[in-house]
Protein chains: 2
Amino acid sequence: MDKNTLFNKLVSFTTSVHRVTKELTKNAKSESISQVQYNILEYIAVSQPVTPSEISECQDIAMPNTSRELKKLSEKNLIEKIIDPNDRRKQTICLSKEGEMMMDEAFSTIQSRFLDKIQNASLEDLEEIEQAIEILQKKLFY
Amino acid sequence: MDKNTLFNKLVSFTTSVHRVTKELTKNAKSESISQVQYNILEYIAVSQPVTPSEISECQDIAMPNTSRELKKLSEKNLIEKIIDPNDRRKQTICLSKEGEMMMDEAFSTIQSRFLDKIQNASLEDLEEIEQAIEILQKKLFY
DNA sequence: CAATTTACTTATCAAATGATAAGTAAGAGG
DNA sequence: CCTCTTACTTATCATTTGATAAGTAAATTG
């Protein structure tokens, strides 16, 4: 088992992960937002509260573009901007009620597709899957 | 360990996979092609020979757009179109010598970053990683 | 407190991508 | 043959995304 073989397996694996993720998430997002806007909302959902700079860095979107998309999301009432009272240059971004609802809906669609996918897995399978995920997360995808 | 918890772990895991993949592949592609063009070339590289219809379906790009991008790739001498002699409506798409070279270069960049990432892993770690990949590929990302 | 830096905004522009309508040419089926 | 279907192309247009220059307002620093 040399490292080159492992690399090839990794390529095939990540391809599969991307394909399945795409299957699970296909059309899960509301049609009223773009892909990038969805990515931003998803990031806010799991990391809130966040600042525009953090979004910019983690999502790899230049600040002016981040600012533009946040403005659009704000106009759609999906997020709330709160100015940091300690440093009035900074902002704290959170999902609005409406934004939470939209993301909850998307997540539950994805989750039910996932449950479908593993409906025939045995308890041992699920244990194995969980362990495998933890190993990879710790040793490879950190 | 209920399925909902497993779902949350999966979400966090796929996020990590996407992030690390992005790290490994960042700037690996030549600047002379777009992201979509790179995806198409990558697909051709691992699946050749393929038809435009297969590319369209697997990459989820509408036929007219697939046709446009293939034309651009052809004009850049990265792929070759061969008309199927049995059915002259069909085409067989392959990488050209130049296309092969470009993809080899991209892959070796990615591979060397991967080797960097696992340079400190022990032999047991690598074994574990390999097994975990196989389990997930078989039981979850099929 | 003047100069600089930080955090974010506004305005533009170009390129990439996606969607749709219409067209060509070859094969398939009656 | 004549029609229908398949595989792909061309043309066009709207939207999204990415890049860059310039601007504002608040904090920091010497």
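Throughout, protein chains are lettered first and strands after them, A, B, ... in sequence-line order, and every chain is numbered starting at 1.
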**Study point:** Electrostatic pair A/Lys29-A/Glu42, nearest N-O below 4.0 angstrom
**Key:** no

Review point. Counting just side-chain N and O atoms, does A/Gln37 come under 4.0 Å of either OP1 or OP2 of D/dT16?
Key: no

Practice item. Would you kindly say whether B/Gln37 and B/Lys76 are connected by a side-chain donor-acceptor distance under 3.5 Å? Key: yes

Exercise for review: Apply side-chain hydrogen bond (donor to acceptor under 3.5 Å, both in side chains) to B/Ser47 and B/Glu54, showing your working.
Suggested key: CA-CA 10 Å; B/Ser47 312; B/Glu54 284 166 350; over 6 Å; no

Review point. Quick one: is B/Ser67 getting a side-chain N or O under 4.0 Å of the D/dT10 phosphate, OP1 or OP2?
Key: no

Practice item. Among the candidates C/dT9, D/dT20, C/dT17, find the nucleotide nearest to the side-chain atoms of A/Lys81. Key: C/dT9

Point to revise | Under 4.0 angstrom between A/Lys71 side-chain N/O and C/dT10 OP1 or OP2 | key: yes

**Study point:** Salt-bridge present (B/Glu69, B/Lys72; N to O < 4.0 Å)
**Key:** yes

**Study point:** Separation of atom CD1 in B/Ile83 from atom P in C/dG27, rounded to whole Å
**Key:** 10 Å

Review point. Is A/Thr51 near enough to C/dA7 that one of its side-chain N or O atoms lies under 4.0 angstrom from OP1 or OP2?
Key: no

Study note, to complete from the structure: Contacts satisfying ring-ring contact (aromatic ring centres under 6.0 Å, His included) that involve residues 34-62 of chain B (not counting sequence neighbours) are none

Review point. Mapping A/Asp87 and A/Asn65 to their closest nucleotides on DNA chain C, which lands nearer the 5' end?
Key: A/Asp87

Point to revise | Nearest listed nucleotide, side chain of A/Arg89, among C/dA19, C/dT17, D/dA25 | key: D/dA25

Exercise for review: Could you please name the option among D/dA26, C/dT17, C/dA21 that lies closest to any side-chain atom of B/Arg68?
Suggested key: C/dT17

Study note, to complete from the structure: Whole-Å distance, A/Met63 CE to C/dA7 C1', equals 6 Å

Exercise for review: Classify the nucleic acid contact of A/Gln35 as base, sugar-phosphate or nothing, counting any heavy atom under 4.0 Å across all strands shown.
Suggested key: sugar-phosphate

Point to revise | Residue B/Ala62, side-chain atoms from C-beta onward, closest of C/dT20, C/dG27, D/dT17 | key: C/dT20

Check your understanding: Taking the side chain of B/Val36 as its heavy atoms from C-beta onward, which of D/dT17, D/dA21, C/dG18 lies nearest to it?
Key -> C/dG18

Practice item. Between A/Arg88 and B/Pro52, just flag the one whose closest nucleotide in DNA chain D comes earlier from the 5' side. Key: B/Pro52

Point to revise | 5′-ward residue of the pair B/Leu70/A/Asn86 relative to DNA chain D | key: B/Leu70

